[in-house]
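Keep in mind that what you see is a predicted model, and the values were worked out from it rather than measured. We name chains A, B, ... by the order of the sequence lines, and we start the count at 1 in each one.
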Protein chains: 2
Amino acid sequence: MELFVSQFVNKIDKKGRVSLPSIFRNALPQNSKNEIILYKSLKHNSIEGCSGDRIKDIADRINKLDFFSEDQDDFARSILSEIIPTNIDKEGRFLIPDYLKKHSNITSEVTFVGQGHYFQIWEPKAAIERQKKSRARLIKKKKSLSSIIFPIQRSYEK
Amino acid sequence: MELFVSQFVNKIDKKGRVSLPSIFRNALPQNSKNEIILYKSLKHNSIEGCSGDRIKDIADRINKLDFFSEDQDDFARSILSEIIPTNIDKEGRFLIPDYLKKHSNITSEVTFVGQGHYFQIWEPKAAIERQKKSRARLIKKKKSLSSIIFPIQRSYEK
DNA sequence: TGGGATTATATGGGCGTCAATGGGTATACT
DNA sequence: AGTATACCCATTGACGCCCATATAATCCCA
């Protein structure tokens, strides 16, 4: 299976359409190249997207829960009712629903971020911010890591 | 098999008709696109709906319960005796019986909520309330959420 | 290997089709 | 007759399909 990788910035046209990057389209499963599933990210003000196949698997698991349980209802409610199947037109474009645009402050441009089995859609500036923070956090961890591993070398550093 | 997913708010007209969302109609089985089954939700002040095929599945499940158990009797009574088969007209609309409207405080608009193999019909404001509660409860139970979603990711790994 | 030729991708816009909604009228049931 | 429901037709706005173009990527041959 292909993965969603790399980053792309694309424009939203007057009709609200935006091109799904070509290599993301290629990463969709053969049988459903003209549909993606969109939903709010649980962690960020961004949108996440994936193939329909992925959702079918999740739905199967939810349906195996006890039919009368609260959990079954909650999961169905929070996951299945909050996803938006979205058609991709012949040119590879799709529409982002208004409430998802609001959620992620998207207006005229978006940044697609490959995340492996799924991808994210960000307002471009927010994407850059997110990138910085993410990197900073990594560097911080590295430092503390090296302070554990190389405590002596650090004393030479400044 | 197609699933009921996503949410839609539709209006009830003067004659009491309301459109079943297009993608819900598409999710009905090929052989019975002009009928849905309605019944009171056991858990909420809402209506639930599904295809006739699904009711057959539920009946099977009930049959598998201990024949002499109280539960068997209760379920059969609560579910099978109170379902309402409802016709869908050529334009994709149907009528919501009055007692179901009362049960769910529905007046002029409804929210359709996809739940996988079935869907719910809510009074729109109540739907929003329910959404919040459901999500809050789920966040508390993050562990069980990831147990639903994680195994899927693994299945994509090779 | 350079550079023109070909193809693919991102983007723009016209237009037909479909979904949601409203309303008239025929048919059926009581 | 009176009420309820289904069928038919109409309207509106949104969306998908088609065609077009510019830029970018790739190819291919001298």
Worksheet, complete the sentence: Rounded to whole Å, CD of B:Glu109 lies from C1' of C:dA20 at a distance of 12 Å
Practice prompt. Let me know the distance between CZ of B:Arg93 and P of D:dC9, rounded to the nearest Å.
Written response: 14 Å
Worksheet item: For C:dA10, does either OP1 or OP2 sit under 4.0 Å from a side-chain N or O belonging to A:Lys11?
Response: no
Discussion item. Less than 3.5 Å apart, any donor N or O on the side chain of A:Gln7 or A:Gln131 sitting next to an acceptor on the other?
Written reply: yes
Worksheet item: Is there a donor N/O on one and an acceptor N/O on the other, under 3.5 Å, for the side chain of A:Lys15 and the base of C:dG14?
Response: yes
Worksheet item: Is the distance from OP1 or OP2 of C:dT11 to the nearest side-chain N or O of A:Asn10 less than 4.0 Å?
Response: yes
Worksheet item: Mapping B:Arg25 and A:Asp13 to their closest nucleotides on DNA chain C, which lands nearer the 5' end?
Response: A:Asp13
Practice prompt. Check whether any side-chain N or O of A:Ser32 sits under 3.5 Å from a backbone N or O of A:Leu28 as a donor-acceptor pair, and report yes or no.
Written response: no
Worksheet, complete the sentence: Separation of D:dG16 atom C1' from A:Lys14 atom NZ, nearest Å, is 19 Å
Item to complete: Calculate the interatomic distance between A:Lys90 atom NZ and D:dA20 atom P; express it in whole Å.
Response: 16 Å
Item to complete: Go through D:dC18, C:dG23, C:dA20 for me and flag the one nearest to the B:Ser22 side chain.
Response: C:dA20
Discussion item. Using a distance-only criterion (donor-acceptor N/O pair, under 3.5 Å, no hydrogens), is the base of C:dG23 paired with the side chain of B:Arg17?
Written reply: yes
Fill in: D:dC19 base / A:Glu91 side chain donor-acceptor hit below 3.5 Å
yes
Practice prompt. Taking all heavy atoms of A:Glu109 and all of A:Pro124, pick out the closest pair and write down the distance.
Written response: O-CD, 3.2 Å
Worksheet item: In whole angstroms, how far is the C1' atom of C:dT9 from the CZ atom of A:Phe24?
Response: 15 Å
Discussion item. Just the rounded figure in Å: distance from P of C:dA10 to CD1 of A:Ile12.
Written reply: 15 Å
Worksheet item: Does B:Asn87 place a side-chain N or O at less than 4.0 Å from the phosphate oxygens OP1/OP2 of D:dT5?
Response: no
Worksheet item: Taking CZ from B:Phe94 and P from C:dT21, how many angstroms apart are they, rounded to a whole number?
Response: 11 Å
Worksheet item: Counting any heavy atom closer than 4.0 Å, what does B:Leu20 reach on the DNA or RNA strands: base, sugar-phosphate only, or nothing?
Response: sugar-phosphate
Practice prompt. Find the distance A:Leu95:CG to C:dT11:C1' and express it as a whole number of Å.
Written response: 14 Å
N/O donor to acceptor pairs below 3.5 angstrom from side-chain atoms of residues 15-26 of chain A, sequence neighbours left out:
{"unit_1": "A:Arg17", "atom_1": "NE", "unit_2": "A:Asp13", "atom_2": "OD2", "d": "2.7"}
{"unit_1": "A:Arg17", "atom_1": "NH2", "unit_2": "A:Asp13", "atom_2": "OD2", "d": "3.0"}
{"unit_1": "A:Arg25", "atom_1": "NH1", "unit_2": "A:Leu20", "atom_2": "O", "d": "2.6"}

Worksheet entry | Side-chain donor-acceptor contact under 3.5 Å, B:Asp57 with B:His117 | no
